J.: 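Can you keep this structure in mind? I'll have questions shortly.
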Amino acid sequence: MYKTHTCGELRAAHEGTEVSLAGWVHRRRDHGGVIFLDLRDRWGIVQITAHPDVEPEAHAAAIDVRNEFVLQVRGVVRRRPAGMENPGLATGEIEIEAREVRILNPARTPPFVINEDKPVDESVRLKYRYLDLRTERMARNLVLRHRVVKFIRDYMDAHGFIEVETPILFKTTPEGARDYLVPSRIHPGKFYALPQSPQQLKQLLMVAGIERYFQIARCFRDEDQRGDRQPEFTQLDVEMSFVEREDVMALAEDLFTRLVAEVVPAKRLQASPWPRLTYAEAMARFGKDNPDLRFAMELKDVTDLAQGSGFKVFEEGVAHGGHVRGLNVKGQAEWSRKQIDELLEFIRPYGAKGLAYLALTSSGEVRSSFAKFLAADRLQALQARLEAQPGDLLLFVADKPSVVFESLGRLRVHLGERLGLCDPNLLAFCWIVDFPFVVWSEAEKRWDPSHHLFTSPALEDIPLLDSAPGQARGQQYDMVLNNYEVGGGSIRIHDRALQEKVFQLIGLDPRVARERFGHMLEAFEYGTPPHGGIAPGIDRLCMVLAGEENIREVIAFPKNQQAADVMAGAPSTADPQQLQELSIRVVAAE
RNA sequence: GGGGGCGUGGUGUAGCUGGCCUAACACGCGGCCCUGUCAAGGCCGAGACCGCGGGUUCGAAUCCCGUCGCUCCCGCCA
């Protein structure tokens, strides 16, 4: 037996116990006589002492030991001498007096330090991911993720859900993101696709009468990476029958409220119940449909005050159906012209052509790019609208609505981070509802579903689908946490006629629709219950709960930004024989 | 597809308005000393020719061009 105990569990109460421990050498301190070894396993760290005159052989063995060697140590638990305790260590009251030190496997010097949390180039970490995962931080993240998933499974089970696995080899649906394709050997020229989500399958499980389904589901999307996006990711996939929007939202809210309390007690919810914003409200107040509610600095509409104000930029902005909106950067009136120009540069990529400012210095002086154009009462009204006080800096963008929202929304987040307004221990969950059912795609010249093509429109808005599709609301809801969309769901269509109508609306040829989704349409004719669901992203959620800023930190073996696994070297070329079996010829490898 | 940032010993950085750099510092690594530390300590030492290629120059880590890699972002993500 290698282990009688783990390295993290021994306490003063174990004094005198003979133990056998096994783990990695976290650190070694050689005092010429006595040698200290910090032995680490997944459960903690314990100090081993090897005295030359207590057990010469054990001491001799400890001389050759280096960091990250794998050892088995037999010894006796001793209370540490008075004053020698280490309060920074859970096992700091005791130490193990070594009787035998056995080197199970030596280790090369690792390419980066494992026993402290120092920045290391990420490609090096990813190449040696198995070493990176030994670090306290990464081990903690993996444990956190396990606890999150465990809590979810227990909760779902307790609420009558069953976990059903759905296929990884499925059918391509080019309507959504790019699919990962898997060639079929048995069907030359044909392909499976990896699921972008188990959407269709979970709906078919509702047809099957499961009523309450969930799955910790792996999803695949072949799109470009971001700090919060991986080509394969995990979502808590949920679907329920005989439910309305409120039922699904209530379940998810209860689940995650309890999860936070149990799994990350050090963090606290900003609000419970979670605030609920309509899409329109989220855009108007925060410029985004995934607003960070941890701080205020809300956008204010000043279009009415800008109109006929005499300031050309404002008037022209309004003239073409545009808005003027502003935000109040509290207490930053002293920012220099240069700093404000930098903010303009920050929002320029989002289409903003200018950034008007009004700084109310604490001395009562006004610095502004436009104040001289405005009448005194307008200026007053403007300040009142933004609840400005001396010391505040007011920033305005005038443009078409999409540009105003995009640039001020981004600017708000940027400023919030820069000014330290985002409390990392605060979890500001909220719901976004009443999304537009479809959005006009200028590129494709057609209506695109704002969620996915199985989402039901609000029933009272169905007539609008013919007259004014852009006005119709969808029965969609997004779960937002701090700065991230961590989940989305909807009530689905369960009626063939309505589903076909939606296909038609988004320009899906009926023949193509039947080819791709015929199984869905047919299923709807066999007694499909009203149903809906939600799919919270496990990776993003864990990222926020772990206090990480990149999704890779909560994934054991993530892909890099090029969607490559630099440790194993995936993707790789395939053997010519494999390709031949699959009837595949590689045309260009550039 | 586009834009920004970065690329110096094993790791993290400094140097980068060209010559004092035959590249510095910290950690790590090796050796020696040290019987109580816990980021142990002291002394000594090895280790990069500055991502790669080309150019400018008497002279380049430092300037220019190209290229590759990593990263952040835009597009994209039903």
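In what follows, chains are A, B, ... by sequence order, proteins preceding strands, each numbered from 1. FYI, side chains are in, hydrogens and waters are out, and symmetry mates aren't considered; it's all heavy atoms of this structure. The structure displayed is predicted, hence computed values, not measured ones.
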J.: Once ring pair (Phe, Tyr, Trp, His ring centres under 6.0 Å) is applied, do any residues pair with W447(A), and if so which ones, sequence neighbours excluded?
T.: W440(A)
J.: With a 3.5 Å cut-off and just heavy-atom distances, do the side chain of S197(A) and the base of A78(B) make a donor-acceptor pair?
T.: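 Checked by distance alone, the answer is yes.
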J.: Across the strands shown, which category fits E85(A) at heavy-atom distances under 4.0 angstrom: base, sugar-phosphate, nothing?
T.: base
J.: Using atom P in both nucleotides, what's the gap between G41(B) and G28(B) to the nearest angstrom?
T.: 8 Å
J.: By the side-chain hydrogen bond (donor to acceptor under 3.5 Å, both in side chains) test, which pairs, at least two apart or in different chains, include something from residues 557-573 of chain A?
T.: E232(A)-K559(A)
J.: Can you tell me which residue pairs pass the salt bridge (Lys or Arg N to Asp or Glu O under 4.0 Å) test with a partner in residues 343-353 of chain A, sequence neighbours excluded?
T.: E345(A)-R348(A), K353(A)-D399(A)
J.: Please list all pairs passing the salt bridge (Lys or Arg N to Asp or Glu O under 4.0 Å) test where one or both residues lie in residues 412-421 of chain A, with sequence neighbours left out.
T.: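 For residues 412-421 of chain A: none.
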J.: What integer number of Å spans the P atoms of C65(B) and C20(B)?
T.: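 Their P atoms lie roughly 25 Å apart.
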J.: I want to verify a distance call: between G36(B), G28(B), C70(B), whose nearest atom is closest to the T109(A) side chain?
T.: G28(B)
J.: Base, sugar-phosphate alone, or nothing: which one does N560(A) contact when heavy atoms must sit under 4.0 Å apart?
T.: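 Sugar-phosphate: the residue N560(A), judged by heavy atoms under 4.0 Å, touches backbone atoms but no base.
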J.: Cut-off 3.5 Å, no hydrogens considered: what does the side-chain donor-acceptor table look like for residues 58-68 of chain A, sequence neighbours left out?
T.:
| residue | atom | partner | partner atom | Å |
| --- | --- | --- | --- | --- |
| H59(A) | NE2 | G33(A) | O | 2.6 |
| R66(A) | NH1 | I63(A) | O | 3.0 |
| E68(A) | OE1 | R40(A) | NH2 | 2.9 |
| E68(A) | OE1 | R134(A) | NH1 | 2.9 |
| E68(A) | OE2 | R40(A) | NH1 | 3.2 |

J.: Looking across every strand, which nucleic acid part, if any, lies under 4.0 Å from S450(A) by heavy atom: base, sugar-phosphate, or nothing?
T.: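 No contact.
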J.: Quick one: Q225(A) CD to G75(B) C1', roughly how many Å, whole number?
T.: 14 Å
J.: Using both distances under 3.5 Å as the test, list the Watson-Crick or G-U wobble partner of A24(B), or none.
T.: U13(B)
J.: Are more than 12 heavy atoms from other residues, nucleotides or ligands located less than 6.0 Å from atom NZ of K400(A)?
T.: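 Incorrect, the count does not exceed 12.
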J.: Identify, with sequence neighbours excluded, every residue that meets ring pair (Phe, Tyr, Trp, His ring centres under 6.0 Å) alongside H519(A).
T.: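 With sequence neighbours excluded, H519(A) shows a ring pair (Phe, Tyr, Trp, His ring centres under 6.0 Å) to no residue whatsoever.
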J.: Which part of the nucleic acid does R552(A) contact within heavy-atom distance under 4.0 Å: base, sugar-phosphate only, or nothing?
T.: sugar-phosphate
J.: Does D179(A) reach a base, just sugar-phosphate, or nothing at all? Heavy atoms under 4.0 Å.
T.: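 Contact class for D179(A): none.
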J.: Taking the six-membered ring for Trp and the full ring for Phe, Tyr or His, determine whether the centres of F233(A) and F220(A) are under 6.0 Å apart.
T.: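 F233(A) vs F220(A): aromatic centres not under 6.0 Å.
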J.: Can you give one letter per nucleotide of nucleotides 6-14 of chain B, 5' to 3': B if a protein heavy atom sits under 4.0 Å from the base, S if only from the sugar-phosphate, - if neither?
T.: ----SSS--
J.: What residues from residues 406-421 of chain A pass a heavy-atom cutoff of under 4.0 Å to RNA chain B?
T.: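 When residues 406-421 of chain A is checked for heavy atoms under 4.0 Å from RNA chain B, the hits, listed by number, are R410(A).
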J.: Which nucleotide sits closest to the side chain of E95(A): U37(B), C76(B), C73(B)?
T.: U37(B)
J.: OP1, OP2 of C76(B) versus side-chain N and O of R221(A): anything below 4.0 Å?
T.: no
J.: Expressed in whole Å, how much space separates the P atoms belonging to C29(B) and U67(B)?
T.: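 That atom pair is separated by 41 Å.
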J.: Taking protein heavy atoms under 4.0 Å as touching, what does nucleotides 40-45 of chain B look like 5' to 3' if B marks base contact, S marks sugar-phosphate-only contact and - marks none?
T.: B-----
J.: Assign N67(A) to base, sugar-phosphate, or nothing according to its heavy-atom contacts below 4.0 angstrom with the strands shown.
T.: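 Answer is sugar-phosphate: N67(A) comes under 4.0 Å of backbone atoms only.
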J.: Using the C1' atom as the point on both nucleotides, what is the distance between U17(B) and C76(B), in whole Å?
T.: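 So the two C1' atoms sit 42 Å from each other.
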J.: Regarding E548(A) and N141(A), do their side chains bring together a donor and an acceptor under 3.5 Å, going by distance alone?
T.: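 Yes.
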J.: What do the steps show when you test D448(A) against V438(A) for side-chain contact (heavy atoms from CB on, under 4.5 Å), and what is the final call?
T.: CA-CA 5 Å; D448(A) 271 346; V438(A) 287; over 6 Å; no
J.: Please check the phosphate of A78(B) (OP1 and OP2 only) for any side-chain N or O of Q199(A) closer than 4.0 Å.
T.: no
J.: Could you go over nucleotides 15-17 of chain B and give all protein N or O partners under 3.5 Å, atom names and distances?
T.:
none

J.: Among G30(B), C73(B), C77(B), which is the nearest nucleotide to the side chain of R66(A)?
T.: G30(B)
J.: Please state whether the phosphate of G69(B), meaning OP1 or OP2, lies under 4.0 angstrom from any side-chain nitrogen or oxygen of Q562(A).
T.: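 For Q562(A), the contact criterion (side-chain N or O under 4.0 Å from OP1 or OP2 of G69(B)) is not met.
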J.: For H51(A), check ring pair (Phe, Tyr, Trp, His ring centres under 6.0 Å) against everything at least two apart and list the hits.
T.: none
J.: For H531(A) and F524(A), take the angle between the two ring planes, folded into 0 to 90°, and tell me which bin it lands in: parallel under 30, tilted 30 to 60, perpendicular over 60.
T.: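 It falls in the tilted class, 30° to 60°.
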J.: Between R178(A) and D222(A), is the closest basic N to carboxylate O distance under 4.0 Å?
T.: no
J.: Is there a Watson-Crick or G-U wobble partner for G7(B) with both distances under 3.5 Å, and which nucleotide is it?
T.: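 Because both required distances fall under 3.5 Å, G7(B) counts as paired with C68(B).
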J.: Consider the side chain of N86(A), meaning its heavy atoms from C-beta on, and name the nucleotide among G36(B), C74(B), C38(B) that approaches it most closely.
T.: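 Nucleotide nearest to N86(A)'s side chain: C38(B).
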J.: Please name all residues satisfying salt bridge (Lys or Arg N to Asp or Glu O under 4.0 Å) with R140(A), sequence neighbours left out, ordered by chain then number.
T.: E136(A)
J.: Under a 4.0 Å N-O cut-off, is there an ion pair linking R80(A) with E85(A)?
T.: no
J.: Among Q200(A), R218(A), Q215(A), find the residue that satisfies the side-chain contact (heavy atoms from CB on, under 4.5 Å) test when tested with T166(A).
T.: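 Running side-chain contact (heavy atoms from CB on, under 4.5 Å) over Q200(A), R218(A), Q215(A) with T166(A) returns exactly one hit, Q215(A).
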J.: Taking donor-acceptor contacts at under 3.5 Å, does the side chain of R348(A) reach the base of C74(B)?
T.: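 Flag unset: no donor-acceptor pair detected.
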